*Asks:* 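I'd like to ask you about the structure that follows.
On a predicted model such as this, the values are computed, not experimentally measured, just so you know. Residue numbers begin at 1 in each chain, while the letters A, B, ... track the order of the sequences.
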Number of protein chains: 2
Amino acid sequence: MPYQLLQENILKNVKMSPSDLEFICKYFKPISVNKGEFLLQQGNICKFEGFVVKGCFRIFNIDTEGKENTLYFAVKDWWLMDIDSFMNQTSSELNIQALEESQILIIDRTNKETLYKESSIVEKLFRIMSQKAVAAWQRRLIRNHGLKAKERYSYFVNTYPEIALKLTDRQISGYLGITHEFLSKIKRKN
Amino acid sequence: MPYQLLQENILKNVKMSPSDLEFICKYFKPISVNKGEFLLQQGNICKFEGFVVKGCFRIFNIDTEGKENTLYFAVKDWWLMDIDSFMNQTSSELNIQALEESQILIIDRTNKETLYKESSIVEKLFRIMSQKAVAAWQRRLIRNHGLKAKERYSYFVNTYPEIALKLTDRQISGYLGITHEFLSKIKRKN
DNA sequence: ATGGTTTGTTGAACTTGTTCAACCCTATTA
DNA sequence: TAATAGGGTTGAACAAGTTCAACAAACCAT
């Protein structure tokens, strides 16, 4: 059952009753995504917030020179969205693409607003999730500044070995902020 | 009045009644900080969340090689804390130092928890603030990957000219993730 | 099976950024 | 006034990472 995973994920952040859990989950709808399919492309507005049940996604930006910059990968038990575009319904700078056959639970903005209004525990849940996310992004920035490419690579494959296995080297290099050629050279010298 | 600035800041995020505003503000206490003084040093636990009324702070990490990596600067109207350490009362990896004579409003963790419990609008306020912060950190990461040091420097001084004026080049270079010597060379060639 | 596309690898030349040392300037303090 | 500490600058040698081009291997789609 896809909702079981979502419920467990929620409980990691906030303790709540089974009825609250079910109430929240009802607003999420399961959808299947084909390999290569885009859930969002930059320039459009992000109309959903998603929770990954199965598969793998890549969230990335393409800059003016055509370089693909990966913000993060989302696998089972990860959340997925352009938080800025979703909140403010502004044009997104991100692309969200399935790297394999995937399944997610999504909620649209209207339903999300309803959820916030109906239950204050939902505010708390997403407040805590967002605060944890801020901490994680701060740590990522410090690592990016403090570590060399080779160390960032080691950190990534050690911290997320199951994700690394699903990815090509080109995808990993886009996450590390280096060229795929240089990643290849890093791997050789060790 | 320091509380006026805090109230305006809150209203930028969530609309609320004057009585709610006052209720929240009561939990914040003004403190003065001397130039050079540390509000937090890595290894300790962050016991406060702060809102800057006057002055300037530098939030940075010192890595194993002694290199200072600046996460951000906080001036008037900015928030200030180690969100991870404050939430979970874990050892902090950050230092928070006043760069000049400053004034802030602080709330400790117990009072923050009380606030959350007393009023659900507080959950909403910090939920929205945190979500905006996530968006900002994501954009920062993309800029750090996509832009060269010179472009990051231009972006910083153009986006935060009033902050840049308060800082030495060494402090700016720590924020950009480059050495101060290289920043000096960047500035010359233009 | 075949042709086309994408991926990983490697080398050489190049650009970006670092390190270290020296120097100057300014502000502070004894 | 002298001493000192910190900030900015510069140059030379070096390290890290990019670019471009070439090629081999794997992975499709038909």
*Asks:* Determine whether a donor-acceptor pair (N or O, by modelled atom type, separation under 3.5 Å) exists between the side chain of Asn34(B) and the backbone of Glu37(B).
*Replies:* no
*Asks:* Hey, is the side chain of Arg170(B) pairing donor to acceptor with the base of dG6(D) inside 3.5 Å?
*Replies:* no
*Asks:* Using modelled atom types only, decide if a donor and an acceptor are shared between the side chain of Asp108(A) and the backbone of Lys47(A) within a distance under 3.5 Å.
*Replies:* no
*Asks:* Produce a footprint string for nucleotides 11-30 of chain C: one letter per nucleotide, 5' end first; B if the base is under 4.0 Å from any protein heavy atom, S if only the sugar-phosphate is, - if neither.
*Replies:* BB---SBBBB----------
*Asks:* Using 30° and 60° as the class limits, which term best fits the ring planes of Phe60(A) and Phe38(A): parallel, tilted or perpendicular?
*Replies:* tilted
*Asks:* Starting at atom CG of Leu176(A), determine the distance to atom P of dG8(C), rounded to an integer number of angstrom.
*Replies:* 13 Å
*Asks:* Output the single nucleotide from dC28(D), dG8(C), dG8(D) whose closest atom is nearest the side chain of Thr168(B).
*Replies:* dG8(D)
*Asks:* Can you measure Asp63(A) atom CG to dT18(D) atom C1' for me and round it to whole angstrom units?
*Replies:* 14 Å
*Asks:* Given the side-chain rings of Trp79(B) and Phe126(B), with only the six-membered ring counted for Trp, is the space between their centroids under 6.0 Å?
*Replies:* yes
*Asks:* Let me see the working for Phe73(A) and Tyr175(A) under ring-ring contact (aromatic ring centres under 6.0 Å, His included), right down to the final yes or no.
*Replies:* CA-CA 8 Å; Phe73(A) 301 103; Tyr175(A) 174 88; 5.6 Å; yes
*Asks:* Looking at dT7(C), dT10(D), dT9(C), which one has an atom nearest to any side-chain atom of Asp169(A)?
*Replies:* dT9(C)
*Asks:* Can you classify the ring geometry of Phe156(A) versus Tyr160(A) as parallel (below 30°), tilted (30 to 60°) or perpendicular (above 60°)?
*Replies:* tilted
*Asks:* So which of Lys166(B), Lys35(B), Lys54(B) actually passes side chain to side chain donor-acceptor pair (under 3.5 Å) with Glu100(B)?
*Replies:* Lys166(B)
*Asks:* Hey, are Lys12(B) and Asp77(B) close enough for a salt bridge, meaning a charged N less than 4.0 Å from a carboxylate O?
*Replies:* yes
*Asks:* Send over the distance from Ile172(B) CD1 to dG8(D) C1', rounded to a whole Å.
*Replies:* 12 Å
*Asks:* To the nearest 10 degrees, what angle separates the axes at the start and end of the helix from dA1(C)-dT30(D) to dA30(C)-dT1(D), five pairs each?
*Replies:* 50°
*Asks:* Nearest heavy-atom pair of Pro2(B) and Leu105(B): which atoms, and what distance?
*Replies:* O-CD1, 3.8 Å
*Asks:* Can you check the His180(B) NE2 to dT10(D) C1' distance for me, whole Å?
*Replies:* 11 Å
*Asks:* In this structure, how many angstroms lie between the C1' atom of dG6(D) and the NZ atom of Lys35(B), rounded?
*Replies:* 11 Å
*Asks:* Just how far, in rounded Å, is P of dC27(D) from CD of Glu100(A)?
*Replies:* 15 Å
